[in-house]
Amino acid sequence: MTATTVRDAALAAPTPASDGRRRRYRAPDAAGWLTYVLLGITAFVFLVPFYYMIVAASRPMSEMTQSPPPFLPGPYLWQNITTALEQQAIGLAIVNSLVVSGVTTVGTLLFCTLAGFAFAKLRFKGKNLLFAVTIGTLMIPPTLGVVPLYKIMSDWGLAGRLESVILPSLVTAFGVFFMRQYLVQTLPDELLEAARVDGASSTRTVFSIVLPIARPGMAVLGMLTFMTAWNDFFWPVIALNSSMPTVQVALNNLGSGYVPDTSIIMAGTLVGTLPVIVVFVLLGKQIVSGIMAGAVKG
């Protein structure tokens, strides 16, 4: 068979374009009106409390106690915010909450990712038992550990300081479980074996292979950890005092009194909520894109 004959046979072979079986791309189905109605109702349910907070923060308390209450924002927003800042050190509380939430998030991402990688891919004695004990701690109510935890922090001289809130939250059982499950699904064993064959150390393997693959999961865990640390009230109100408060502790002290001023409380709550909204707006797109990138398999 000559080269000309082989070329003619290749040209005569059926192709997707010539045999009429052309592969067609099917566009995703467009959302119907019911989808938009459900999304609109969901958005309305979540936005109404935030809008009511803005209305209450911009009105005097006498107007908010009327029936029906006003539905439009008033002109006293800045005045109520100024009063809230004068009654409590909300600015200091925001800084303290940023420190607590930021350090807690970084520590949780580091330690939980390392522990999740160990439980997911490494082999060592007692791995299943240790993982079962870690998951079992999720069934213990946090209130049972308040007294011994406060005793430990007091013995260490950390009571009333931010370290007493940060240290117990650097590692969470949920974070270890979340990262373990994520790495089991997304980290191939072949990559680790190739790294060992190339002579990479355990540290090099973690920083060059594990952490880049775990980045989408770490982004989700980081957002959840930051939100949880920012909104935590139970332990900070026990461990801290009025001279070193977080946002939730400051808002609790703002609402104290025989007749709490609802407008002042809402104004302080609005100030304390803005940093969380800014963080979500700045990082929300990256987190969603990271989740989508991690979900697509090559």
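Note that the structure is a prediction, hence the values are computed from the model and not measured.
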Does [X] have any side-chain contact (heavy atoms from CB on, under 4.5 Å) partners at least two apart in sequence or in another chain, and if so, which?
X    : value
I41  : V37, V45
L144 : I140, P141
S202 : none

Would you kindly confirm whether [X] and [Y] end up in one hydrophobic cluster when ILVMFWY residues are joined by side chain heavy atoms under 4.5 Å apart?
X    : Y    : result
L39  : F50  : no
V106 : L170 : no
V146 : L138 : yes
L47  : Y36  : no
L110 : F174 : yes

Taking the side chain as C-beta and beyond, is there a heavy-atom pair between Q248 and D232 under 4.5 Å?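 No, side chains not in contact.
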
Is any side-chain heavy atom of L240 closer than 4.5 Å to a side-chain heavy atom of V165?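 Result yes, sub-4.5 Å side-chain heavy-atom pair found.
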
Closest heavy-atom pair and its distance - [X], [Y]:
X    : Y    : value
L183 : A120 : CB-CB, 4.1 Å
A267 : I81  : CB-N, 3.8 Å
S169 : T104 : O-CG2, 3.4 Å
V55  : P70  : CG1-O, 3.5 Å

Do any side-chain atoms of residues 217-231 form donor-acceptor pairs under 3.5 angstrom with protein atoms, and if so which ones, sequence neighbours left out?
{"residue": "T225", "atom": "OG1", "partner": "L221", "partner atom": "O", "Å": "2.7"}
{"residue": "T228", "atom": "OG1", "partner": "L224", "partner atom": "O", "Å": "2.8"}
{"residue": "W230", "atom": "NE1", "partner": "G272", "partner atom": "O", "Å": "3.2"}
{"residue": "N231", "atom": "ND2", "partner": "M227", "partner atom": "O", "Å": "3.1"}

Run the side-chain contact (heavy atoms from CB on, under 4.5 Å) test on T172 and F178 for me, step by step, so that the C-alpha distance in whole Å, both residues' side-chain angles and the decisive distance to 0.1 Å come before the verdict. CA-CA 10 Å; T172 60; F178 180 86; over 6 Å; no

How many angstroms lie between [atom1] in [X] and [atom2] in [Y], if you round to the nearest 0.5 Å?
X    : Y    : atom1 : atom2 : answer
M61  : S263 : CE    : OG    : 7.5 Å
W156 : R161 : CH2   : CZ    : 12.5 Å
L77  : L270 : CG    : CG    : 6.5 Å
T108 : M179 : OG1   : CE    : 11.5 Å
L72  : S58  : CG    : OG    : 9.0 Å
I264 : T83  : CD1   : OG1   : 4.5 Å

Non-neighbouring partners of R215 that pass salt bridge (charged side-chain N to carboxylate O under 4.0 Å, His left out), sequence neighbours left out: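 Result, salt bridge (charged side-chain N to carboxylate O under 4.0 Å, His left out) vs R215: none returned.
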
Under the rule for ring pair (Phe, Tyr, Trp, His ring centres under 6.0 Å), what residues qualify as partners of Y76, not counting sequence neighbours?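 Once residues adjacent in sequence are excluded, Y76 has no partner under the ring pair (Phe, Tyr, Trp, His ring centres under 6.0 Å) criterion.
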
In the hydrophobic clustering (ILVMFWY, side-chain contacts below 4.5 Å, transitive), which residues join V184, or is it alone? none

Can you tell me which residue pairs pass the side chain to side chain donor-acceptor pair (under 3.5 Å) test with a partner in residues 133-153, sequence neighbours excluded?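 Pairs touching residues 133-153 that pass the test: K151-D155.
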
May I have all residue pairs that pass side chain to side chain donor-acceptor pair (under 3.5 Å) and include part of residues 119-131, sequence neighbours excluded? K121-D189

Donor-acceptor check, side chain of Y51 to backbone of F71, threshold 3.5 angstrom: yes or no? yes

Has D198 got a side-chain atom pairing as donor or acceptor with A200's backbone, closer than 3.5 angstrom?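 A pair under 3.5 Å: no.
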
Distance-only criterion, 3.5 Å: show the donor-acceptor pairs between side-chain atoms of residues 207-214 and protein atoms not counting sequence neighbours.
{"residue": "S208", "atom": "OG", "partner": "R204", "partner atom": "O", "Å": "3.1"}
{"residue": "S208", "atom": "OG", "partner": "R204", "partner atom": "NE", "Å": "2.9"}

Ignoring hydrogens and angles, write down the donor-acceptor pairs under 3.5 Å from the side chains of residues 91-99, residues two or more places apart or on other chains.
{"residue": "N96", "atom": "ND2", "partner": "L92", "partner atom": "O", "Å": "3.3"}
{"residue": "N96", "atom": "ND2", "partner": "P245", "partner atom": "O", "Å": "2.8"}
{"residue": "S97", "atom": "OG", "partner": "A93", "partner atom": "O", "Å": "3.1"}
{"residue": "S97", "atom": "OG", "partner": "V247", "partner atom": "N", "Å": "2.8"}

Considering only residues two or more places apart or on different chains, which pairs with a residue in residues 84-139 satisfy ring pair (Phe, Tyr, Trp, His ring centres under 6.0 Å)? F119-F131

